[in-house]
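Here's the structure, in structure tokens; my notes come after.
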Amino acid sequence: SQSYPLEFTNAFIGKKPDEKFQIDVDFSEDKSTPLSGVKGLVSIQITSVKKRKVPAIDDELAKDLGFENLNNLKEKVREHLIKARTESSEAIKINQIANNLIRNHDFELPESLVNEELNLLIDMEKSKANTKSEDELRKDFYNQAVENVKLFVLIESIGKKEGVQVSKEEMEQSLIKMSQRFNIEPEELLRYFMEKDGSLTKIHYSAFRDKVFKILLDKAEKEIITK
């Protein structure tokens, strides 16, 4: 098992059913295994040995997975990997653009907006069963809240200048992306926003922000090409 040290799992290699052996272990400080706190000589008996059966990678496997054939499966996997690499590269560039916007603009922010964003971040963190106190969470996320609000103001300004509009379909896609980021169901996230402020402002802004970043990203790439 990956949760045990390699020297521990290696001791099981070559052992047969009903075979008994002893191994010296030290899990006194390891909190990640069922043997947490155990230290000393441990007696072990092998009850059974199982072999993982790996299916053949062929057309039959591809059809079982819902594809026409193996070539179709390989093509879809290739497309997925290319898309994942592209999205990862774009995410890095967008993060750089966001950091530049925050760093290069300094202005006073409404404290009410900062507190609203801070409360949202804290609520999201609490949903992950975070055991920190309210004061600790406020200290942890205050700077993030300030940066989020500053970016919000800048994105709103740029979006209005560029005439950005958001459709219902784009809001639905934004809701799905946000729910994946917070690891909760879209319906649960939608219910949270409606109960919190009675509107879909956060979802709309997420879609609006994505479109603004797409414009900024395209402009940045064009500048690189023309240089």
Side-chain angles (χ1 to χ4, degrees), residues 79-128 137-138 140-227:
E79 291 176 0
H80 176 76
L81 291 174
I82 292 175
K83 181 181 178 182
R85 283 198 295 268
T86 301
E87 289 179 347
S88 176
S89 176
E90 286 189 356
I92 293 173
K93 293 176 182 177
I94 287 174
N95 190 53
Q96 291 174 340
I97 291 173
N99 288 336
N100 287 336
L101 285 173
I102 294 170
R103 185 171 58 250
N104 295 330
H105 295 82
D106 187 21
F107 50 89
E108 189 173 345
L109 298 171
E111 195 63 29
S112 59
L113 287 181
V114 174
N115 283 328
E116 181 182 339
E117 179 65 17
L118 180 57
N119 289 334
L120 175 63
L121 293 175
I122 291 174
D123 285 346
M124 290 297 181
E125 191 65 20
K126 285 181 177 178
S127 70
K128 302 175 186 177
L137 290 173
R138 295 190 78 82
D140 288 347
F141 289 98
Y142 181 79
N143 289 338
Q144 182 64 56
V146 170
E147 291 185 356
N148 288 357
V149 173
K150 180 183 285 190
L151 187 61
F152 168 81
V153 174
L154 292 168
I155 291 297
E156 283 285 315
S157 177
I158 296 170
K160 287 179 180 178
K161 183 179 178 181
E162 296 290 341
V164 172
Q165 299 292 328
V166 175
S167 67
K168 179 181 177 182
E169 290 73 20
E170 288 169 335
M171 286 185 64
E172 291 174 351
Q173 288 300 314
S174 179
L175 175 62
I176 293 173
K177 289 171 63 176
M178 291 177 71
S179 64
Q180 291 173 342
R181 186 165 71 248
F182 292 119
N183 196 29
I184 59 178
E185 292 297 320
E187 294 79 8
E188 184 180 348
L189 184 60
L190 180 62
R191 183 167 56 253
Y192 168 81
F193 285 134
M194 291 303 295
E195 291 176 353
K196 189 70 176 176
D197 56 19
S199 73
L200 302 179
T201 303
K202 294 291 184 183
I203 300 173
H204 180 275
Y205 169 67
S206 179
F208 185 87
R209 180 193 58 201
D210 288 346
K211 296 188 74 171
V212 171
F213 274 131
K214 182 67 169 61
I215 292 172
L216 296 176
L217 186 59
D218 289 342
K219 287 185 177 182
E221 291 178 346
K222 287 178 181 177
E223 288 179 4
I224 293 175
I225 293 174
T226 55
K227 286 183 178 179

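Just so you know, these numbers come straight off a predicted model, no measurement behind them. Numbers for residues simply follow the sequence, beginning at 1.
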Give me each pair satisfying ring pair (Phe, Tyr, Trp, His ring centres under 6.0 Å) with a member in residues 143-165, each pair once, sequence neighbours excluded.
Phe152-Tyr205
Can you name the nearest heavy-atom pair linking Phe141 to Leu121, along with the distance?
O-CD1, 3.9 Å
Rounded to the nearest 0.5 Å, the OG atom of Ser174 sits from the NZ atom of Lys211 at a distance of 11.5 Å
One should read off an interatomic distance between Leu118 CG and Asp140 CG, to the nearest 0.5 angstrom, of 10.0 Å
Stepwise, does the side chain to side chain donor-acceptor pair (under 3.5 Å) test hold for Asn148 with Gln144?
CA-CA 6 Å; Asn148 288 357; Gln144 182 64 56; 2.7 Å; yes
Kindly write out the residues that satisfy salt bridge (Lys or Arg N to Asp or Glu O under 4.0 Å) with Lys160, not counting sequence neighbours, or none if the list is empty.
none
Residues two or more places apart in sequence or in another chain: which of them pass salt bridge (Lys or Arg N to Asp or Glu O under 4.0 Å) with Glu125?
Lys128
What closest approach, in Å, do Phe208 and Gly159 show between heavy atoms, and which atom pair accounts for it?
CZ-CA, 3.4 Å
Taking only residues two or more places apart in sequence, or in another chain, which ones meet Glu147 in a salt bridge (Lys or Arg N to Asp or Glu O under 4.0 Å)?
none
Does the side chain of Phe193 reach to within under 4.5 Å of the side chain of Leu120, using non-hydrogen atoms?
yes
Could you grab the distance from atom CG of Leu137 to atom OH of Tyr142, nearest 0.5 Å is fine?
16.0 Å
Decide if atom CG of Asp218 counts as having more than 12 heavy atoms of other residues, nucleotides or ligands within a radius under 6.0 Å.
yes
Residue Glu185 excluded, over 12 heavy atoms near CD under 6.0 Å:
no
Contact check, side chains of Leu200 and Met194, non-hydrogen atoms, under 4.5 Å
yes
Supply the atom-to-atom distance Glu156 CD to Lys161 NZ, rounded to the nearest 0.5 angstrom.
15.5 Å
Would you please name every residue forming a side-chain contact (heavy atoms from CB on, under 4.5 Å) with Ile215, sequence neighbours left out?
Glu162, Val164, Lys219
Which residue pairs satisfy the salt bridge (charged side-chain N to carboxylate O under 4.0 Å, His left out) criterion with at least one member in residues 105-120, sequence neighbours excluded?
Glu117-Lys202
Quick check for you: to the nearest 0.5 Å, what is the distance between Ile184 atom CD1 and Met178 atom CE?
8.5 Å
Distance from Leu190 atom CG to Leu175 atom CG, nearest 0.5 Å?
5.5 Å
Lys177: what forms a side-chain hydrogen bond (donor to acceptor under 3.5 Å, both in side chains) with it, not counting sequence neighbours?
Asp210
Not counting sequence neighbours, which residues clear side-chain contact (heavy atoms from CB on, under 4.5 Å) with Gln180? List them please.
Ile176
For Asn104, check side-chain hydrogen bond (donor to acceptor under 3.5 Å, both in side chains) against everything at least two apart and list the hits.
none
With sequence neighbours left out, what residues match Lys150 under salt bridge (Lys or Arg N to Asp or Glu O under 4.0 Å)?
none
Does Arg138 have any side-chain hydrogen bond (donor to acceptor under 3.5 Å, both in side chains) partners at least two apart in sequence or in another chain, and if so, which?
Asn119
Show every ring pair (Phe, Tyr, Trp, His ring centres under 6.0 Å) that has at least one partner inside residues 86-126, sequence neighbours left out.
none
For the residue pair Leu101 and Leu154, what are the closest heavy atoms and their distance?
O-CD1, 3.5 Å
